[in-house]
Amino acid sequence: MPSSTSSSNPEARRPIYGKTLLAIILGMSAALGLVKAFAYINDASSETILGRVLEAKAALPQIVKEPQELAMVFGSSMVRAGFSPREFDQHLNDQGIQNIKSFNFGFGGLNPFFQDFLARRIKEAFVENDRRLKLAVIEFNPFQTTITRHQGALPIEDSFITMLGTEKEFRKILMDDPTRGVRLYNIKYLRDSISAEMVTSYFAQSFQEPRNRTELQRNEEMDKKRNELGELLNAAFDKEYPNYVNSQWSYEWQGGGTIAAERSPETLAIFEDYYATDLDPAKLDDDRLNRIHTADILEMNFSDELLEAFIRIVNEFKTFSDHVEVVLLPRNTDWIIYPESGKKRLQSAISRIETATNIKIKDHQNLPMMKPHMFNDTTHLNRYQGATTYTQYLAQQYHHFLIDE
């Protein structure tokens, strides 16, 4: 019959194969075009998503060429906010230690899985240039290491790997898991490191169950005052730093921010009033609820994978550092109050890290000189009260490791 003859004839089937292949190519091109359009419209790129990280990574060749001994504080956005490297160096200089240059390697949005990739890049730069860190202070951030935080980052995991990984690491992934390896190469070289999962997770946010919001009433007068003071501070910055080159990680400032010694008394007085507007109970309570929802900050159900990644980070730093300290940064004890179950899990995680790294973790969460009013939210220190005080404490604690032998 003609139908059976046609179905068994390769020549007759070729147009069907061609149309199928064309449909696949057009469909994939359309999908790729949608991802690229989303990235363009939302200004999504490695530079906008991980700009501070990539700027710091790009500075490593210059850092390892510095003539001074080197110190680094490595961690989360709490380190970014809470450590002032230039003030740290000034405190050391006041103690007669003049041959140290420190850097702030604190970055928001990176859990230990991602931090591990960055730690490898730091290690490579130091080893390749035969340099060592005189002192490495590594923050263990409990709420960055939870199952909740890990699950929330899964849609961006492949994208961040392509931004922080190397060709050698991509090839290893390709050998171990060909499907994922091909996907990573696709994301990096065809999608400019913006994965489909990152795009879909962005749109899926509007369909997720809303988190709890504070029932406290916002202080509208305090909000208004905060906006007015913010405008004054912006004007003061433009006046006091007329030659500032905008960057997310400033080499001139060693990865930190401005310091009080450079600001006028009038500006510092405005900051005192500005910081007072951070203390609105409704603002702080809502921030606390957000941390519970996105990071399990109180119960702290830890991710085994992230704990293992953190252990790798510490052990990597040990290979190119003369001295490694692991610390818990100050906690806003007015708002982040651990239940007994959370305390037990935290202590168990600390014991696990200490056993695996042979380093005793220093708990700075309840330092007597650190007060709740020194925070600008429930987790981050403000600059001229919190960071200044904590940086001085670090200089007092670790200066003896930095004395020339």
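With sequence neighbours excluded, the residues that form a side-chain contact (heavy atoms from CB on, under 4.5 Å) with His323 are Leu135, Glu325, Phe401. Residues passing the ring pair (Phe, Tyr, Trp, His ring centres under 6.0 Å) test with Phe88, sequence neighbours excluded: Phe83.
Residues Glu157 and Phe113 have side chains in contact (heavy-atom distance under 4.5 Å, counting atoms from C-beta outward). Residues Glu308 and Arg312 meet the side-chain proximity criterion, which asks for heavy atoms closer than 4.5 Å. Residues Phe143 and Met78 meet the side-chain proximity criterion, which asks for heavy atoms closer than 4.5 Å. At a threshold of 4.5 Å between non-hydrogen side-chain atoms, the residues Arg211 and Asp286 count as touching. Counting heavy atoms from C-beta outward, Ile63 and Phe105 have side chains that approach closer than 4.5 Å. By the 4.5 Å heavy-atom criterion applied to side chains, Pro330 and Gln365 are not counted as neighbours. For the pair Phe237/Arg263, a side-chain contact is recorded, criterion being any heavy-atom separation below 4.5 Å from C-beta on. Between Arg352 and Phe302 the shortest side-chain heavy-atom distance does not fall below 4.5 Å.
For the 3.5 Å distance criterion, the side chains of Arg80 and Asn104 fail to qualify, holding no donor opposite an acceptor. Counting only N and O atoms by type, the side chains of Gln68 and Asp89 include no donor and acceptor under 3.5 Å apart. In summary, the side chains of Arg52 and Gln248 do not present any donor paired with an acceptor at a separation below 3.5 Å, with no hydrogens or angles considered. Side-chain contact of Thr378 with Asn332: a donor-acceptor pair under 3.5 Å is absent, judged by distance alone. For the residue pair Thr146/Asp296, the side-chain donor-acceptor check at 3.5 Å is not satisfied. Residues Thr267 and Ser264 bring a donor and an acceptor atom of their side chains to less than 3.5 Å of each other. Between Thr258 and Tyr384, the side chains place a donor N or O and an acceptor N or O closer than 3.5 Å (distance only, hydrogens not considered). Residues Asn141 and Ser76 have side chains that bring a donor and an acceptor to within less than 3.5 angstrom of each other. Side-chain contact, Asn234 with Glu231: no donor N or O sits under 3.5 Å from an acceptor N or O.
Classification of Glu69 and Lys101 as a salt-bridged pair fails, no side-chain N sitting under 4.0 Å from a carboxylate O. Using a 4.0 Å cut-off between a side-chain N of Lys or Arg and a carboxylate O of Asp or Glu, Lys283 and Asp377 do not qualify as a salt bridge. With respect to Lys225 and Glu228, no salt bridge is recorded, no charged nitrogen being found less than 4.0 Å from a carboxylate O. Looking at Glu169 and Arg120, a side-chain N of the basic residue comes within less than 4.0 Å of a carboxylate O on the acidic one, giving a salt bridge. Lys224 and Glu221 are not joined by a salt bridge, as no carboxylate oxygen comes within less than 4.0 angstrom of a charged side-chain nitrogen.
Ring pair Phe114/Phe107: centre-to-centre distance not below 6.0 Å.
A side chain to side chain contact (heavy atoms under 4.5 Å, CB included) with Ser321 holds for exactly one of Ile138, Leu70, Leu133; it is Leu133.
The closest donor-acceptor contact from the side chain of Arg291 to the backbone of Ile336 lies at 3.5 Å or more, if one exists at all. Without hydrogens or angle criteria, Ser348 side chain to Lys344 main chain gives no donor-acceptor distance under 3.5 Å. Within the 3.5 Å criterion, the main-chain N or O of Ser159 finds a donor-acceptor partner in the side chain of Thr162. The main-chain N or O of Gln254 is never found under 3.5 Å from a side-chain atom of Arg86 such that the two would form a donor-acceptor pair. Using modelled atom types, one side-chain atom of Lys371 and one backbone atom of Pro368 make a donor-acceptor pair closer than 3.5 Å. In this structure a side-chain-to-backbone donor-acceptor pair under 3.5 Å is missing from Arg121 to Ala58. A donor-acceptor pair under 3.5 Å links the side-chain atoms of Lys318 to the main chain of Thr357, judged by distance alone. Judged by distance alone, with hydrogens and angles left aside, the side-chain atoms of Asp280 form a donor-acceptor pair with the main-chain N or O of Ala282 at under 3.5 Å. Checked by atom type and distance alone, the side chain of Tyr338 never pairs as donor or acceptor with a backbone atom of Ser341 at under 3.5 Å. Looking only at distances, a side-chain donor or acceptor of Gln144 sits under 3.5 Å from a matching main-chain atom of Leu110.
Between Trp253 and Tyr241, the ring planes are perpendicular. Angles over 60° get that label, and only those under 30° would be called parallel. Aromatic ring orientation, Tyr189 versus Tyr185: parallel (interplanar angle below 30°, classes split at 30° and 60°).
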- Task: Under the side-chain contact (heavy atoms from CB on, under 4.5 Å) rule, what do Asn129 and Lys65 come out as? Steps first, then yes or no, please.
- Result: CA-CA 8 Å; Asn129 289 272; Lys65 294 292 195 302; 2.9 Å; yes
- Task: Verify salt bridge (Lys or Arg N to Asp or Glu O under 4.0 Å) between Glu66 and Arg131, making sure each step is shown before the conclusion.
- Result: CA-CA 10 Å; Glu66 289 285 351; Arg131 285 301 306 267; over 6 Å; no
- I would like to know whether Phe375 and Asp278 meet side-chain contact (heavy atoms from CB on, under 4.5 Å); could you show each step before the answer? CA-CA 8 Å; Phe375 289 77; Asp278 287 327; over 6 Å; no
- Query: Do Met72 and Ile122 pass the side-chain contact (heavy atoms from CB on, under 4.5 Å) test, and can you show the C-alpha distance, the side-chain angles, and the key distance before you say yes or no?
  - Reply: CA-CA 11 Å; Met72 180 183 292; Ile122 297 170; 4.1 Å; yes
- Message: Could you walk me through whether Ile313 and Phe140 satisfy the side-chain contact (heavy atoms from CB on, under 4.5 Å) test, starting with their C-alpha distance in whole Å, then the side-chain angles of each, then the deciding distance to 0.1 Å, before giving a yes or no?
- Response: CA-CA 10 Å; Ile313 291 167; Phe140 174 56; over 6 Å; no
- Item | Stepwise ring-ring contact (aromatic ring centres under 6.0 Å, His included) check, Phe160 with Phe117 | CA-CA 9 Å; Phe160 277 27; Phe117 280 89; over 10 Å; no
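Taking a 6.0 Å sphere around CD of Glu167, one finds it holds more than 12 heavy atoms contributed by other residues, nucleotides or ligands. Environment of CG in Asp238: crowded, with over 12 heavy atoms of neighbouring residues, nucleotides or ligands closer than 6.0 Å. Atom CG of Asp176 has more than 12 neighbouring heavy atoms from other residues, nucleotides or ligands inside a 6.0 Å radius. Atom CE of Met369 is surrounded by more than 12 heavy atoms from other residues, nucleotides or ligands within 6.0 Å.
A distance of 10.0 Å separates CZ of Arg226 from OH of Tyr275, quoted to the nearest 0.5 Å. The structure places CD1 of Ile311 at 12.0 Å from CD of Glu316, a figure rounded to the nearest 0.5 Å. Remark: Leu50 CG to Glu55 CD distance equals 11.0 Å, nearest 0.5 Å. Atom CZ of Phe103 sits about 9.5 Å away from atom CG of Leu60, to the nearest 0.5 Å. Put simply, CZ on Arg180 and CG on Asn186 are 14.0 Å apart, with the number rounded to the nearest 0.5 Å. The structure places CG of Asp158 at 11.0 Å from CE of Met163, a figure rounded to the nearest 0.5 Å.
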What side-chain donor-acceptor pairs closer than 3.5 Å can you find for residues 390-397, not counting sequence neighbours?
| from | atom 1 | to | atom 2 | distance (Å) |
| --- | --- | --- | --- | --- |
| Tyr390 | OH | His364 | ND1 | 2.8 |
| Thr391 | OG1 | Ser84 | N | 2.9 |
| Thr391 | OG1 | Ala387 | O | 2.7 |

